[in-house]
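Step one of this worksheet: look at the structure below.
Remember, it's 1-based here, ligands and their atoms both numbered in the order they're listed.
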Amino acid sequence: MSQRTFAIVKPNAVRSALVGEILRRYETARLKIVGAKLVHASREKVAGFYAEHEGRPFFPGLVDFMSSGPILVLALEGDNAIADVRALNGATDPAKAAPGTIRHAFGPTMGSNVVHSSDSPESAAREISYWFSADELFSYAQKSSVADV
Ligand code: UDP
Ligand code: MG
């Protein structure tokens, strides 16, 4: 059964031209892009997104960082999309992220790791609908060749 998850390429990664590299990793892992847009979110929008972390010491810095420039918001679909994208991204602290993961490859710090992804089916559903309207999400069949119409 296919499953959807939500991911973000954070502003430092957009600024550093890592969008293509990160999307390549997701696509290579057979995750289908079913929603994608560049957004420069307000502080309020970011604070609402990370509401579960409100009051924690890192929260103000996280809001500053995530509203500092455009981010790429993504809805990704795959058989085990939630766990697969978490695994591709790696541990929250890049210093602890396993080799081969995005956070290990690009760091740079816990507070400014380069990607986000949902941690459960409930957060995936909430996060997709927090950033995307229904007409910004797509269903289509993936093909193995561009010639395969
Ligand atoms: N974060 C931080 N310090 C912490 C915990 C989290 O700076 O002690 C930041 C980090 O950038 C992380 C984000 O807050 O990506 C959300 O935290 P969460 O625990 O949900 O980690 P994630 O799901 O992104 O791995
Ligand atoms: Mg999280």
Side-chain angles (χ1 to χ4, degrees), residues 1-139 142:
M1 254 311 271
S2 89
Q3 181 182 62
R4 285 184 173 187
T5 192
F6 174 75
I8 301 178
V9 181
K10 295 186 180 182
N12 53 345
V14 172
R15 281 191 288 268
S16 306
L18 287 173
V19 166
E21 169 61 20
I22 291 167
L23 289 183
R24 184 194 64 74
R25 289 174 182 237
Y26 295 152
E27 288 191 314
T28 301
R30 299 195 57 77
L31 288 148
K32 181 161 62 175
I33 299 167
V34 295
K37 63 180 172 179
L38 209 56
V39 183
H40 190 156
S42 66
R43 296 181 52 81
E44 293 69 28
K45 181 82 178 178
V46 170
F49 175 64
Y50 280 122
E52 64 175 314
H53 297 305
E54 202 171 341
R56 297 181 65 186
F58 62 86
F59 185 77
L62 182 62
V63 172
D64 284 345
F65 168 57
M66 291 298 287
S67 61
S68 68
I71 58 176
L72 183 74
V73 294
L74 296 166
L76 300 169
E77 190 174 284
D79 288 344
N80 198 20
I82 295 169
D84 284 355
V85 178
R86 293 284 289 185
L88 288 163
N89 285 359
T92 306
D93 182 354
K96 297 183 181 143
T101 64
I102 293 168
R103 284 167 166 174
H104 178 269
F106 303 114
T109 68
M110 178 93 135
S112 61
N113 61 41
V114 294
V115 282
H116 164 88
S117 69
S118 310
D119 62 7
S120 67
E122 295 70 30
S123 37
R126 182 186 85 87
E127 294 175 1
I128 290 171
S129 63
Y130 190 82
W131 294 97
F132 290 102
S133 56
D135 68 355
E136 293 173 325
L137 296 166
F138 302 90
S139 293
Q142 242 172 5

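- Scanning both residues, P11 and M66, for their nearest heavy atoms gives CD-SD, 3.9 Å.
- Listed by chain and number, the residues in a side chain to side chain contact (heavy atoms under 4.5 Å, CB included) with F59 are A47, Y50, H53, E54, V63 (sequence neighbours excluded).
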I would like to know whether F49 and W131 meet side chain to side chain contact (heavy atoms under 4.5 Å, CB included); could you show each step before the answer?
-> CA-CA 9 Å; F49 175 64; W131 294 97; 3.1 Å; yes
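- Taking 4.5 Å as the limit, every side-chain heavy atom of F106 sits out of range of all side-chain heavy atoms of N12.
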Would you list the atom pairs, donor with acceptor, under 3.5 Å between side chains in residues 17-24 and any protein atom, with sequence neighbours excluded?
{"from": "E21", "atom 1": "OE1", "to": "R24", "atom 2": "NE", "distance (Å)": "3.4"}
{"from": "E21", "atom 1": "OE2", "to": "R24", "atom 2": "NH2", "distance (Å)": "3.2"}
{"from": "E21", "atom 1": "OE2", "to": "R25", "atom 2": "NE", "distance (Å)": "2.7"}
{"from": "E21", "atom 1": "OE2", "to": "R25", "atom 2": "NH2", "distance (Å)": "3.3"}

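- Protein residues having at least one heavy atom under 4.0 Å from any atom of ligand 1 are K10, Y50, H53, F58, L62, R86, T92, R103, M110, G111, N113, listed by chain and number.
- Checked against salt bridge (charged side-chain N to carboxylate O under 4.0 Å, His left out), R86 has no partners two or more places apart in sequence or in another chain.
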